[in-house]
Enquirer: 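Below you'll find the structure I mean.
We name chains A, B, ... by the order of the sequence lines, and we start the count at 1 in each one.
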Amino acid sequence: MALLDHLNSPQLAAVTLDPQHHALVLAGAGSGKTRVLTLRMAWLMQQGLVGPGGILAVTFTNKAAREMVTRMTALLPISPRGMWIGTFHGLCNRMLRAHHRDAGLPSTFQILDIADQLSAIKRVLKAHQIDDEKYPPKQVQRFINAAKEEGLRPGQTEAHDSFHRRLDEIYDLYQTQCNREGVVDFAELLLRSHELLQQQAAVREHYQRRFRHILVDEFQDTNRLQYRWLKLLAGGGASVFAVGDDDQSIYAFRGANVGNMSEFERDFAGPHLIRLEQNYRSFGHILDSANALIANNDGRLGKNLWTDRGEGEPIRVAETVSDAAEAQWVLSEIQSLVAEGRLRREIAILYRSNAQSRAFEHALFSAQVPYKVYGGLRFFERQEVKHALAYLRLMENPHDDTAFLRVVNFPTRGIGARTLEQLGDVARERGSSLYGAVALVAGKGGANLARFVELVDRLRFETTGLTLPELVDHVLQHSGLRQHYEQEKDGSDRLENLDELIPAAAAFIDEGPMPDFDGDGVIAEPLPDDAMPALAAFLSHAALEAGDNQAADGQDAVQLMTIHAAKGLEFEAVFITGLEEGLFPHENSAVDPAGLEEERRLMYVAITRARERLYLGYTQSRMLHGQTRYPMRSRFFDELPESCLKWLTPRQPAWAQGAEARRAAWEESDWSPRPRASAAGASGGLASAGGIMVGEQHFRVGQSVHHARFGEGVILALQGSGTQAQAQIRFADAGTKTLALGVAKLEAR
DNA sequence: GTGTCCCTCCTCGGC
DNA sequence: GGAGGGACAC
């Protein structure tokens with residue numbers, strides 16, 4: 001059958017697995033994962049084993065979902081309309097819209113993005129006079145989201161001390177506020193949807209009957225709640241086809257639980273485990289390096305990538321004197337690659353943190369090499385766009401206090417902090433929204449508030465019956481936003497973005513009618529056919545899909561991005577830069593073994609992005625937080641097979657690395673490296689990474705230490721010697737401290 | 001009520 | 001080094 005041509009045998013086994021069986025597909029980088037996933041769906045339908053309505057396919061990003069739909073429709077002449085293919089959040093939103101009453105939500109519920117959520121939390125703290133220094137909003141936000149991702153409601157979190165009991169109370173206050181305002185945050189979409197399925201038998205049974213095949217992409221990135229949601233949906237006998245790679249799990253820091261992979265094996269009674277290990281992307285040296293590196297991690301499910309493409313070029317490594325020099329090196333290599341005829345868009349510069357992009361941008365810009373930086377603010381996250389959306393949200397749901405506060409005095413209309421404080425007090429007393437309390441504020445402030453409410457009501461009234469793009473245009477014009485940015489100096493960029501909302505709305509409408517929330521209409525309620533659902537859907541879209549961060553200009557440009565952003569992508573040539581202790585592995589992650597393993601997986605992801613050429617760079621000195629650091633080269637170099645590497649600069653022994661070595665070299669004005677007495681015996685290998693002796697103790701950068709008061713930490717930098725010796729140490733709980741090694745009692749770990 | 005300066009803090013980031 | 005938030009002057 002044409003559908004199955006050119007598949008290797010594990011791929012074929014996965015695609016044509018008995019439809020009754022569950023499967024866990026361990027799909028290595030570049031092993032044809034997306035192809036297997038889409039072919040599996042196509043095969044099931046082509047064999048008549050399931051119709052489009054019986055499939056639920058879930059991904060993490062909108063991009064991945066779109067790609068799946070595109071590939072699918074290329075394989076089979078079907079409309080993806082009846083199919084549930086989307087992100088976890090997108091699908092949960094769809095379910096909650098259809099069953100909002102059963103889920104206890106207003107039909108007009110709005111979605112808070114992370115920024116909206118943070119401002120909602122700040123309001124909670126303020127309204128209840130909670131000290132925001134003791135309970136920093138960001139920390140409260142992390143606590144709430146982590147609790148929700150574990151499926152925990154207020155009162156159910158582990159409150160073993162007064163601090164956490166208070167956090168739990170704040171969580172409760174926050175949730176009450178969200179419920180009153182009719183808003184849900186991202187984690188709430190998941191949690192509500194899970195509770196809906198759990199508590200409403202009719203809804204649960206409906207979807208369990210409907211979905212016969214559940215497919216999950218990037219399964220290693222699922223959190224506990226997402227896994228429970230899947231389990232609940234599969235509870236009616238559906239087959240689950242989970243595809244993932246434990247070695248590419250790089251999102252534990254935001255709640256991903258790789259443990260779901262082994263749990264899946266248990267819960268689904270030993271599913272068929274299929275390994276896709278043949279790599280169609282990279283040459284041998286690249287894969288050998290990736291395999292050797294990742295072998296240093298414990299508890300892997302186990303997998304070894306191989307290729308029949310041959311060894312290819314060695315991996316080129318360079319040490320440079322500074323971050324600027326590193327950028328110059330990368331630039332000159334890129335110029336040679338381009339001269340050889342490679343496309344710039346096939347070349348990627350990868351880094352651990354966004355701050356590193358500046359040096360590369362500077363070098364590329366000066367040399368007039370086109371480049372594109374990924375990351376940063378995206379369209380729907382821009383201030384001016386969020387302002388416009390806030391007006392739209394208020395028209396849809398006037399009790400959305402977050403939206404209210406964002407624009408109540410923007411553009412300024414004489415409503416200040418004092419007036420808003422009064423308004424807040426009144427609203428709290430009456431338990432109403434800010435909008436609902438406006439009439440009770442007297443005086444000049446009250447009159448201004450009344451004018452604002454009139455404006456919103458008028459906008460709603462005037463736009464009835466308009467199409468979505470017309471509606472948006474009207475609001476931009478009559479809210480005063482457009483005039484505001486016209487008058488503002490340097491406001492032209494913002495004005496452009498603002499106006500871009502109109503075509504964005506038009507494009508949204510063109511993408512097709514609103515998804516029928518549930519095609520069979522048995523449970524879902526029919527929706528009225530006027531502009532309001534379009535607006536509601538558009539607002540969901542804006543929250544769930546923040547849009548591109550930069551318009552694609554079609555120019556052939558070098559790609560700059562973090563390694564996280566590069567996951568899932570591939571390039572002919574890849575530069576992995578800033579391979580230094582403290583940066584990569586990052587100092588915040590090096591304190592515990594789990595963090596270090598995640599850094600190693602990140603390095604694994606970075607290496608496996610390259611098809612033909614791979615370059616590794618590190619530097620002797622780097623500007624970080626406005627300070628110059630003298631880092632050691634990354635420990636990951638010691639985990640790569642020497643036979644795969646080609647050093648473009650001499651490989652310096654480990655003792656010649658780091659601050660102490662630089663200081664010594666400078667003081668002695670002696671650039672011929674030789675071992676120093678303090679590091680005698682150091683001759684390569686992990687344990688010998690330079691450092692200094694203080695009394696009987698030997699310290700080195702990257703070492704884990706214990707301090708009686710500050711707890712566990714890791715040495716970031718060393719300076720001085722003997723009684724003058726100091727160490728900069730990052731402690732897990734106490735932050736970064738500079739300690740005198742002769743005085744501080746440190747235990748080596 | 002509004003605008004400006006200074007102080008702080010600092011990974012990775014999709015939905 | 002640079003963004004964002006709070007304190008303070010107009």
Enquirer: Please measure how far the P atom in dG4(C) lies from the corresponding atom in dG13(B), and state the result in whole Å.
Expert: 16 Å
Enquirer: I need the full list of side-chain hydrogen bond (donor to acceptor under 3.5 Å, both in side chains) pairs touching residues 404-416 of chain A, with sequence neighbours left out, sorted by first then second residue.
Expert: Y391(A)-R413(A)
Enquirer: Going by heavy atoms closer than 4.0 Å, what residues in residues 401-412 of chain A are next to DNA chain B?
Expert: N409(A), T412(A)
Enquirer: Is any side-chain heavy atom of R66(A) closer than 4.5 Å to a side-chain heavy atom of K63(A)?
Expert: yes
Enquirer: Summarise protein proximity over nucleotides 9-15 of chain B in one line of letters, 5' to 3': B for base, S for sugar-phosphate only, - for none, counting protein heavy atoms closer than 4.0 Å.
Expert: -BBBBBB
Enquirer: Residues two or more places apart in sequence or in another chain: which of them pass side chain to side chain donor-acceptor pair (under 3.5 Å) with D221(A)?
Expert: K567(A)
Enquirer: Taking only residues two or more places apart in sequence, or in another chain, which ones meet S589(A) in a side chain to side chain donor-acceptor pair (under 3.5 Å)?
Expert: E599(A)
Enquirer: Quick check against the 3.5 Å criterion: does S621(A) have a side-chain atom that pairs as donor or acceptor with the backbone of R629(A)?
Expert: no
Enquirer: With Y618(A) as reference, evaluate Y630(A), F584(A), F637(A) under the ring-ring contact (aromatic ring centres under 6.0 Å, His included) test and give the passing residue.
Expert: F637(A)
Enquirer: Tell me every residue that passes side-chain contact (heavy atoms from CB on, under 4.5 Å) with H484(A), counting only those two or more places apart in sequence or in another chain.
Expert: F410(A), P411(A), E488(A)
Enquirer: Under the rule for salt bridge (charged side-chain N to carboxylate O under 4.0 Å, His left out), what residues qualify as partners of R224(A), not counting sequence neighbours?
Expert: E150(A)
Enquirer: Just to be sure I understand: a Watson-Crick pair is purine N1 to pyrimidine N3 plus N6-O4 or O6-N4, both under 3.5 Å. Using that and G-U wobbles, which stems of three or more pairs involve DNA chain B?
Expert: B:1-10 with C:1-10
Enquirer: Enumerate donor-acceptor pairs with a distance under 3.5 Å from any side-chain N or O in residues 129-136 of chain A to protein atoms, sequence neighbours excluded.
Expert:
{"unit_1": "D131(A)", "atom_1": "OD1", "unit_2": "E133(A)", "atom_2": "N", "d": "2.8"}

Enquirer: Base, backbone or nothing for each nucleotide of nucleotides 4-10 of chain C, written B, S, -, heavy atoms under 4.0 angstrom, 5' to 3'?
Expert: -S-----
Enquirer: Mind checking what makes side chain to side chain donor-acceptor pair (under 3.5 Å) contact with E486(A), not counting sequence neighbours?
Expert: none
Enquirer: For N145(A), give me all partners under side chain to side chain donor-acceptor pair (under 3.5 Å), at least two apart in sequence or on another chain.
Expert: Q117(A)
Enquirer: Would you say that L215(A) contacts V243(A) through its side chain, given a criterion of any heavy-atom pair below 4.5 Å between the two side chains?
Expert: no
Enquirer: Using the ring of each side chain (for Trp, its six-membered ring), is F360(A) parallel, tilted or perpendicular to Y351(A), with breaks at 30° and 60°?
Expert: parallel
Enquirer: Can you check dT11(B) for me, syn or anti if syn means within 90° of 0?
Expert: syn
Enquirer: Take the protein atom CZ of R622(A) and the nucleotide atom P of dG1(C), then report the distance between them rounded to whole Å.
Expert: 15 Å
